[in-house]
K.L.:
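Below is a structure I'd like to ask you about.
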Amino acid sequence: MSIDSAIAYMTRMRDDAEFRRKVNECDDPAANWAYLRENGFDFSVDEFKLAQKQVYEVHGTDQLPYAE
């Protein structure tokens, strides 16, 4: 598990509409985590919160900016 994986997840959620739709449609937390793991992401809720904090410290928001 890692903060880097959480940041990669945040990036994919921002950039991949189909992936974002599938994640958001899943009502079962266990199935949602399984889907994330199947797609190569491995982080805990705490690591996700740390990733948000890290992104905020760099960008002034918990949302990753789009690449220019």
Side-chain angles (χ1 to χ4, degrees):
M1 293 192 257
S2 76
I3 294 171
D4 290 338
S5 182
I7 291 174
Y9 161 77
M10 293 166 67
T11 301
R12 181 139 182 222
M13 285 291 284
R14 180 198 61 206
D15 295 341
D16 185 338
E18 180 66 16
F19 177 76
R20 183 174 54 251
R21 182 187 64 75
K22 287 180 180 180
V23 169
N24 290 333
E25 285 180 350
C26 188
D27 292 329
D28 177 23
N32 200 354
W33 281 110
Y35 180 72
L36 295 180
R37 302 270 186 297
E38 290 169 8
N39 280 274
F41 301 104
D42 190 19
F43 57 89
S44 67
V45 172
D46 288 337
E47 288 168 326
F48 181 77
K49 290 177 183 178
L50 289 171
Q52 285 180 308
K53 181 180 177 189
Q54 183 177 341
V55 168
Y56 184 84
E57 289 171 353
V58 171
H59 302 287
T61 177
D62 65 354
Q63 301 295 311
L64 288 168
Y66 285 96
E68 296 179 21

K.L.:
If you measure from CD on Glu25 to CG on Asn32, what distance do you get to the nearest 0.5 Å?
P.N.:
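Spacing of CD (Glu25) from CG (Asn32) equals 11.0 Å.
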K.L.:
Sub-3.5 Å donor-acceptor pair from the side chain of Glu47 to the main-chain atoms of Ser44, do we have one?
P.N.:
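Between the backbone of Ser44 and the side chain of Glu47 there is a qualifying donor-acceptor contact (under 3.5 Å).
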K.L.:
Between Asn39, Val23, Asp4, which is the residue that forms a side chain to side chain contact (heavy atoms under 4.5 Å, CB included) with Tyr9?
P.N.:
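When side chain to side chain contact (heavy atoms under 4.5 Å, CB included) is applied between Tyr9 and each of Asn39, Val23, Asp4, only Val23 qualifies.
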K.L.:
So, does Ser5 use its side chain to make a donor-acceptor pair with the main chain of Phe41 at under 3.5 Å?
P.N.:
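Answer holds: no.
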K.L.:
To the nearest 0.5 Å, what is the distance between CZ on Arg37 and CH2 on Trp33?
P.N.:
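The distance works out to 5.5 Å.
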K.L.:
My understanding is that only residues two or more places apart in sequence, or in another chain, count here; which of them pass ring pair (Phe, Tyr, Trp, His ring centres under 6.0 Å) with Tyr35?
P.N.:
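Ring pair (Phe, Tyr, Trp, His ring centres under 6.0 Å) check on Tyr35 returns Phe19.
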K.L.:
Using side-chain heavy atoms (C-beta onward) and a distance below 4.5 Å, is Asp15 in contact with Arg20?
P.N.:
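They are not in contact (no side-chain heavy atoms under 4.5 Å apart), so the answer is no.
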K.L.:
Determine whether a donor-acceptor pair (N or O, by modelled atom type, separation under 3.5 Å) exists between the side chain of Asp16 and the backbone of Arg12.
P.N.:
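No, Asp16 side chain to Arg12 backbone: no donor-acceptor pair under 3.5 Å.
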K.L.:
Between Glu18 and Arg21, is there a side-chain N and carboxylate O pair less than 4.0 Å apart?
P.N.:
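Looking at Arg21 together with Glu18, the answer is yes, because their closest N to O distance falls below 4.0 Å.
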K.L.:
Any side-chain heavy atom of Ile7 sitting closer than 4.5 Å to one from Phe43?
P.N.:
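No, every pair of side-chain atoms sits at 4.5 Å or beyond.
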